[in-house]
There are 2 protein chains.
Amino acid sequence: MPKQAEGSGHRAAPVHVDPVDVSLLTALSAVADPVRIRLIRELAGSAAWTRSCGSFDVPVGKAALSHHFAVLRGAGLVEQRDEGPRRVNRLRREEFDARFPGLLALILGDDAAD
Amino acid sequence: MPKQAEGSGHRAAPVHVDPVDVSLLTALSAVADPVRIRLIRELAGSAAWTRSCGSFDVPVGKAALSHHFAVLRGAGLVEQRDEGPRRVNRLRREEFDARFPGLLALILGDDAAD
DNA sequence: GAGACTGTATGATGTTCATCGAACACTCGG
DNA sequence: CCGAGTGTTCGATGAACATCATACAGTCTC
């Protein structure tokens with residue numbers, strides 16, 4: 001088999017939503033969850049495309065984790081790319097902040113969500 | 001009976017929470033609801049202490065409405081005072097904005113929540 | 001005081017949603 | 001080709017919550 005670094009695998013590509021097309025209610029609902037807040041914070045503390053979905057320290061199983069990432073994608077907060085067997089993530093900082101100014105800063109700045 | 005303008009009626013006074021003592025998750029959850037967003041917006045468009053609870057244009061009954069105001073109080077977003085038979089409201093703009101900078105602006109600035 | 005008005009409390013109902021277990025799909029290394 | 005690793009999907013379960021109808025507690029006017 002050729003090299004085929006990444007990106008053209010025939011696995012179902014993750015569905016992305018541009019932050020511009022996200023409603024305020026969707027964004028707030030996505031962000032009003034303790035697990036997802038932890039994911040966002042941990043993701044913000046790492047370089048883009050360096051964290052796979054399973055590398056996050058959250059107290060939920062694989063299924064729930066996959067669900068949370070789907071919600072974050074649907075809110076335009078996270079972008080995903082398939083890299084071999086794993087799916088790596090990127091926080092859409094600029095784009096999301098342009099659509100909802102200050103919201104991301106609020107989540108990242110506040111210490112302890114609950 | 002004496003004059004007794006307001007404030008000393010022996011009805012159960014509403015329980016208020018200072019925005020400083022509100023967690024980020026509580027604030028986000030309170031704000032991630034279409035009815036409460038409408039309440040906040042309508043309240044922001046009126047002068048303080050001029051709107052009673054029943055004067056808001058939301059498609060829910062009295063009981064649900066009372067519940068929503070309790071949630072807003074619990075998030076430090078609204079202050080209430082008894083004025084004769086009705087309970088008038090005030091949006092705690094400065095206090096809430098000091099605790100969660102930009103969040104209120106986001107809700108008031110965005111057109112159409114959903 | 002009787003009655004209208006305003007808001008809260010209670011109990012029940014229905015929906016949404018976070019979670020899990022198990023099955024499935026894909027990738028990569030022996 | 002098999003097996004380990006990674007992530008998604010499906011069905012089911014349980015909890016949280018938004019809503020309503022009813023009953024109750026105040027305030028005000030006549």
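Throughout, protein chains are lettered first and strands after them, A, B, ... in sequence-line order, and every chain is numbered starting at 1. Small disclaimer: the values here were computed from a predicted structure and weren't measured. We use all heavy atoms of the structure for the numbers below, so side chains are in, but hydrogens, waters and symmetry mates are not.
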Whole-Å distance between dG7(D) C1' and Asn89(A) CG? 11 Å

With a 4.0 Å limit, can you tell me whether Arg36(A) has a side-chain N or O closer than that to the phosphate oxygens OP1/OP2 of dA18(C)? yes

Donor-acceptor contact present, side-chain Thr50(A) to main-chain Ala47(A), <3.5 Å: yes

Return whichever of Pro85(A) or Ala32(A) has its heavy-atom-nearest nucleotide of DNA chain C closer to the 5' end. Ala32(A)

Calculate the interatomic distance between Leu65(B) atom CG and dC20(D) atom C1'; express it in whole Å. 13 Å

Hydrophobic clustering (ILVMFWY, side-chain heavy atoms < 4.5 Å, transitive) - are Val58(B) and Ile107(B) grouped together? yes

Whole angstrom value for the distance that separates P of dT6(C) from CZ of Arg51(B): 14 Å

How long is the line joining CZ of Arg38(B) and P of dA18(D), in whole Å? 16 Å

Heteroatom pairs (N/O) under 3.5 angstrom, protein to nucleotides 19-21 of chain C:
from    : atom 1 : to       : atom 2 : distance (Å)
dT19(C) : OP2    : His68(A) : NE2    : 2.3
dC20(C) : OP2    : Gly61(A) : N      : 2.7

Can you get from Leu25(B) to Val22(B) by hopping between Ile, Leu, Val, Met, Phe, Trp and Tyr side chains that sit under 4.5 Å apart? yes

Under 4.0 Å from OP1 or OP2 of dG7(D): is there any side-chain N or O of Arg86(A) that close? no

Can you tell me how far P of dG7(C) sits from CZ of Arg81(B), to the nearest Å? 15 Å

Could you tell me whether Arg99(B) and Asp110(A) make a salt bridge, using a distance below 4.0 angstrom between a side-chain N and a carboxylate O? yes

Sequence neighbours excluded, the answer for side chain to side chain donor-acceptor pair (under 3.5 Å) partners of Glu95(A) is Arg90(A), Arg92(A)

How close or far is atom C1' of dC28(C) from atom CZ of Arg87(A), stated in whole angstroms? 17 Å

Leu108(B) and Arg93(B), any side-chain heavy atoms less than 4.5 Å apart: yes

Which whole-number value in Å describes the distance from Glu83(B) CD to dT27(D) P? 14 Å

Taking only side-chain nitrogens and oxygens of Ser52(A), does any of them come within less than 4.0 Å of OP1 or OP2 of dG7(D)? yes

Tell me, please, whether Phe56(A) has Arg38(A) positioned over its six-membered ring: NZ or CZ under 6.0 Å from the ring centre and within 45 degrees of its axis? no

Write down the distance between CD (Gln80(A)) and P (dT6(D)), rounded to a whole number of angstrom. 16 Å

